[in-house]
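Written below as structure tokens is the structure these notes are about.
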Amino acid sequence: MSVPASKTLFRDVSVLDSTGADPYRGDVLVDHDRIAAVGAVDPAAAAGARVIDGRGRTLMSGLCDAHTHFTWNNSGDLDGLAALPVEEHLLFAIESARSYLDSGYTMCLGAASAKDRLDVVCRDVINAGRFPGPRYLANGPEIAVTGGELVKGITWFADGPEEMRKAVRRLIEIGVDQIKLSMTGEEITGTQRAEDTYMSDEEVAAAVTEAHRRGKRVCAHARSAESVKMCVRHGVDIVYHASFTDEEGMDLLESAKDWIFVAPGVNWLVATLYEAADFGYPQEAAEAAGYKRELETATAAMIEMHRRGIRVLPGGDYGFAWTPHGTYARDLQHFVERFEFTPMEAILAATAQGGEIMLRPDELGKVQPGYLADLLLVDGDPLADITVLQDKGKLHAIMKDGKFHKETADRP
């Protein structure tokens, strides 16, 4: 990673500031790790700055993935995650972290680690500047009850409220930022149904109470209608999937929209249904398992959540063979084409609301004075074509903390 001058001036860019305002032509001054000025920049303040001639290219905030798995290793063998030796697994996770940053993602929220401390180690080496990667909130292995796991070898087990409290305490001891509960099934397992709920109210309540008592949030793999309602009732902070949310659950989510987030992981459903055949899971099998029905149900649910003002964020389950690392911005396209988000709304979900889910809404996710300088210079207009963010060649500059991770910014 190169070390720039202490100031950088992006001159004549189209500023997509993630406030909801239309983009406008102007300048953006970065001073050390912060955005110092946006719009009209005092020439005296920009003295000595490296100047990037924007020529009208889009300058926007870095993106957020709200459901990240650094340790998913682009394999179709779920059980192989447990068998992969820890040394090779750590190297892959560090490479995954760089892949996110290479793709314009400067914020990621860990949704489970395949081995106990891999997420924590990745976060710490990124923060120490030893390896490039996004700002990261680390997770540990997901917690399931006996018989309710998705992949046995990468899961911690806890039965009953007291074991839940102990599991949460142990995860906090190894340094996680949030706790993951695996509450429902997943059709690809062949045995665990997405609409089945395996945890009891008492178990979920115990896990959340203990985590919150220690200042940690809880996220949950929750596809079934009942699991979503349990999440809201007991204070789960981040609901993953929520495909089968019913009317009662929708009302509960709406009542909690000031503090809860939903991250559906839609690309997993799309790719598992339509793009997994080359990896041994043909579309006929996916439809028979229920993925077509789930995609249709989840699509209707997310449209309704969005209509009600519930925060629905992109990201999720990248790192399987048919959802490989590096393809993260596909979620934004799905939000527009399937969930009826405008391109602006999809970008706000991935930037400004990304700052919210990262617990730093006043310094992450916007191009505003005082915000951290996590910026993308894009050769194109994401509001006209959201898919431009999938083309790494169109990301002419990627900046984090005022330092260039990628700097092909001056090319025509």
Side-chain angles (χ1 to χ4, degrees), residues 67 69 71-72 75 77-84 86 89 110-120 138-176 178-214 216-244 249 265 268 289-290 294 316-317 320:
H67 183 160
H69 296 295
T71 57
W72 279 200
S75 171
D77 177 15
L78 303 182
D79 293 322
L81 288 172
L84 186 64
V86 66
H89 214 154
S113 174
K115 292 184 173 65
D116 293 3
R117 295 186 61 252
L118 292 186
D119 255 28
V120 171
N139 216 315
E142 58 191 23
I143 304 171
V145 298
T146 300
E149 77 281 358
L150 302 180
V151 183
K152 183 172 290 187
I154 63 172
T155 303
W156 283 16
F157 290 91
D159 296 308
E162 188 55 36
E163 286 192 12
M164 282 289 171
R165 282 189 281 267
K166 288 181 179 178
V168 168
R169 290 168 187 161
R170 288 173 57 211
L171 285 166
I172 293 171
E173 185 178 32
I174 68 174
V176 303
Q178 60 269 341
I179 307 296
K180 170 77 173 290
L181 303 179
S182 184
M183 295 175 62
T184 69
E186 177 73 52
E187 302 297 346
I188 202 170
T189 64
T191 57
Q192 311 290 54
R193 304 272 75 89
E195 293 184 80
D196 292 342
T197 305
Y198 299 112
M199 286 188 181
S200 68
D201 279 288
E202 294 78 12
E203 287 165 331
V204 176
V208 174
T209 299
E210 187 63 25
H212 286 180
R213 190 176 70 83
R214 305 286 291 273
K216 305 297 181 182
R217 289 183 296 172
V218 178
C219 51
H221 173 99
R223 293 191 181 276
S224 72
E226 180 56 29
S227 67
V228 173
K229 289 180 278 194
M230 290 171 68
C231 284
V232 183
R233 287 199 302 265
H234 301 300
V236 170
D237 304 275
I238 301 157
V239 182
Y240 289 137
H241 310 301
S243 301
F244 294 101
W268 163 260
E294 182 172 358
D317 280 337
F320 293 98

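Bear in mind that the values here come from a model prediction, so they are computed numbers and not experimental data.
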Donor-acceptor pair, side chain of [X] and main chain of [Y], under 3.5 angstrom:
X: T184; Y: R223; value: yes
X: K180; Y: A111; value: yes
X: D119; Y: G140; value: no
X: S182; Y: A144; value: no
X: K115; Y: L84; value: yes
X: E187; Y: A194; value: yes
X: D196; Y: G185; value: no

Taking side chain as C-beta onward, heavy atoms only, is [X] less than 4.5 Å from [Y]?
X: L150; Y: E142; answer: yes
X: V176; Y: S113; answer: no
X: T71; Y: I154; answer: no

> If every non-hydrogen atom of M164 is compared with every non-hydrogen atom of A206, which pair is closest and at what distance?
Replying inline: CB-CB, 4.3 Å
> If you take all heavy atoms of A167 and I143, which pair is closest and at what distance?
Replying inline: CB-CD1, 3.8 Å
> For M183 and C231, what are the C-alpha separation, side-chain angles and deciding distance, and is it a side chain to side chain contact (heavy atoms under 4.5 Å, CB included)?
Replying inline: CA-CA 9 Å; M183 295 175 62; C231 284; 3.7 Å; yes
>> If we check side-chain contact (heavy atoms from CB on, under 4.5 Å) with R165, which of these qualifies: E210, R170, E203?
In response: E210
> Can you say whether the rings of H67 and H69 are parallel (under 30°), tilted (30 to 60°) or perpendicular (over 60°)?
Replying inline: perpendicular
>> Could you check whether R233 pairs with E226 (Lys NZ or Arg NE/NH1/NH2 to Asp/Glu carboxylate O, under 4.0 Å)?
In response: yes
